[in-house]
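In what follows, a single structure is set out as structure tokens and then discussed.
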Amino acid sequence: MEWKEYYLDVILVPLGFLVTISYHVFLCYKVRTQPLSTVVGVGTNAYGRRFWVTAIIKDNDKKNILAVQTLRNTIMGSTLMATTSILLSAGLAAVISSTYSVKKPLNDAVYGAHGNFMVALKYVTIFCMFLFSFLCHSLCIRFINQVNFLINTPLVPGPMMNVVTPEYVSELLEKGFVMNTVGNRAFYTAFPLLLWIFGPILVFLCSVSLVPVLYNLDFVETSDSKGKGCNGNDRDYV
């Protein structure tokens, strides 16, 4: 059986995606079973921000500026990521629509397929990932802006008091941060795909190298080998 150039792309690129997806499945499992052992669980579950929203609403006269500044910092971060994603998407769209030689890889230096279809597939896949990241960060900004207004709504007796509750504001805040997290993960995943331009081997190596980096960022190291969960039971944390 003759070895084809596209075999490396068919094997290594899906394998790199499988490594990344497997890590995030493991992360989701840990978030659901041991939320306090992960940064995602501590941040997005009902342990931190829900208490923060309740405290801000109860003492809004003294903490309204703190709430606005805190939410503004989140909006600025999402705005930066959204701007970066759409700029990279625009640059890739310009490369795809042009006939400039930069969109043709170096045949002598790159392993893998070099056909026109494969080159187009690489750029379109990267373009879609950055565009998806931009969409998620845009939705994050939308939800955070809604929270910015509602969290400073005075608790005046009336029909609005039954609608604008701390639970409703917390739910909007959670949606915003979930969109922020998904947008960041899509942005991180696009980096191995950028290296796909130079061959599938770099995609696989970058995907494998990205897992320990994300692990150190996502999991909380505790001084004790055991911690207490929310129900008071002892749990082992990673």
Side-chain angles (χ1 to χ4, degrees), residues 24 27-28 30-32 34-90 130-188 190 213-214 216-223 227-232 237:
H24 284 91
L27 178 62
C28 292
K30 286 294 184 180
V31 169
R32 291 183 176 274
Q34 299 177 358
L36 296 181
S37 65
T38 65
V39 175
V40 178
V42 173
T44 59
N45 284 4
Y47 305 114
R49 284 192 288 267
R50 292 184 184 273
F51 293 149
W52 180 79
V53 169
T54 303
I56 292 294
I57 292 178
K58 285 184 178 180
D59 197 9
N60 188 261
D61 293 336
K62 297 180 180 179
K63 298 181 179 180
N64 51 5
I65 297 178
L66 174 64
V68 171
Q69 290 178 342
T70 304
L71 295 173
R72 182 191 61 185
N73 293 336
T74 305
I75 292 174
M76 290 175 61
S78 294
T79 302
L80 176 63
M81 296 298 293
T83 304
T84 305
S85 298
I86 199 63
L87 286 176
L88 291 173
S89 299
F130 282 124
L131 203 62
F132 179 70
S133 177
F134 169 76
L135 176 64
C136 291
H137 285 292
S138 299
L139 291 174
C140 171
I141 295 171
R142 173 182 178 271
F143 285 123
I144 300 298
N145 278 329
Q146 290 180 348
V147 174
N148 210 358
F149 283 99
L150 295 179
I151 201 170
N152 290 317
T153 303
L155 297 176
V156 180
M160 287 298 296
M161 189 174 180
N162 297 326
V163 177
V164 184
T165 60
E167 290 75 17
Y168 176 71
V169 178
S170 298
E171 183 179 353
L172 289 178
L173 187 63
E174 294 303 320
K175 290 180 180 179
F177 273 89
V178 167
M179 289 293 101
N180 183 273
T181 302
V182 174
N184 286 334
R185 298 297 161 149
F187 193 86
Y188 299 155
V213 175
L214 293 177
N216 290 329
L217 294 176
D218 291 333
F219 285 86
V220 178
E221 296 293 338
T222 58
S223 57
K228 287 184 178 291
C230 298
N231 55 359
Y237 291 149

message = Please list all pairs meeting salt bridge (charged side-chain N to carboxylate O under 4.0 Å, His left out) that have one or both residues in residues 71-83, counting only residues at least two apart or in different chains.
response = none
request  = Taking all heavy atoms of Ile57 and all of Pro166, pick out the closest pair and write down the distance.
outcome  = CD1-CA, 3.7 Å
ask   = Do Val169 and Thr54 come close enough that some side-chain heavy atom pair is under 4.5 Å?
value = no
task = Only counting residues at least two apart or in another chain, list the ones meeting ring-ring contact (aromatic ring centres under 6.0 Å, His included) with Phe134.
result = none
inquiry  = Considering only residues two or more places apart or on different chains, which pairs with a residue in residues 176-187 satisfy salt bridge (charged side-chain N to carboxylate O under 4.0 Å, His left out)?
reply    = Arg185-Asp218
Any Thr70 side-chain heavy atom under 4.5 Å of Trp52 side chain = yes
ask   = Taking atom CD1 of Ile86 and atom OG of Ser138, what is their separation to the nearest 0.5 Å?
value = 7.5 Å
task = Measure the spacing between CZ of Arg49 and OG1 of Thr74 and express it to the nearest 0.5 Å.
result = 8.0 Å
query = Which atom names give the shortest non-hydrogen contact between Ser133 and Ser85, and what distance separates them?
reply = OG-OG, 3.2 Å
Show me the donor-acceptor pairs, under 3.5 Å and distance only, between side chains in residues 140-152 and residues at least two apart or in other chains.
from, atom 1, to, atom 2, distance (Å)
Asn145, ND2, Ile141, O, 3.1
Asn152, OD1, Asn60, ND2, 3.1
Asn152, ND2, Asn148, O, 3.3

query = Closest approach of Arg50 and Ser170, non-hydrogen atoms and distance?
reply = NH1-CB, 3.5 Å
key: side chain to side chain donor-acceptor pair (under 3.5 Å) pairs, two or more places apart, involving residues 75-84   = Ser78-Asn180
request  = Check whether more than 12 heavy atoms from other residues, nucleotides or ligands sit under 6.0 Å from atom CG of Leu217, and answer yes or no.
outcome  = yes
inquiry  = For Ala82 versus His137, what's the shortest heavy-atom pair and its separation?
reply    = CB-CB, 3.8 Å
message = Walk me through whether Leu27 and Phe219 qualify under side-chain contact (heavy atoms from CB on, under 4.5 Å).
response = CA-CA 9 Å; Leu27 178 62; Phe219 285 86; 4.0 Å; yes
task = Step by step, work out the side-chain contact (heavy atoms from CB on, under 4.5 Å) result for Leu88 and Phe187.
result = CA-CA 11 Å; Leu88 291 173; Phe187 193 86; 4.1 Å; yes
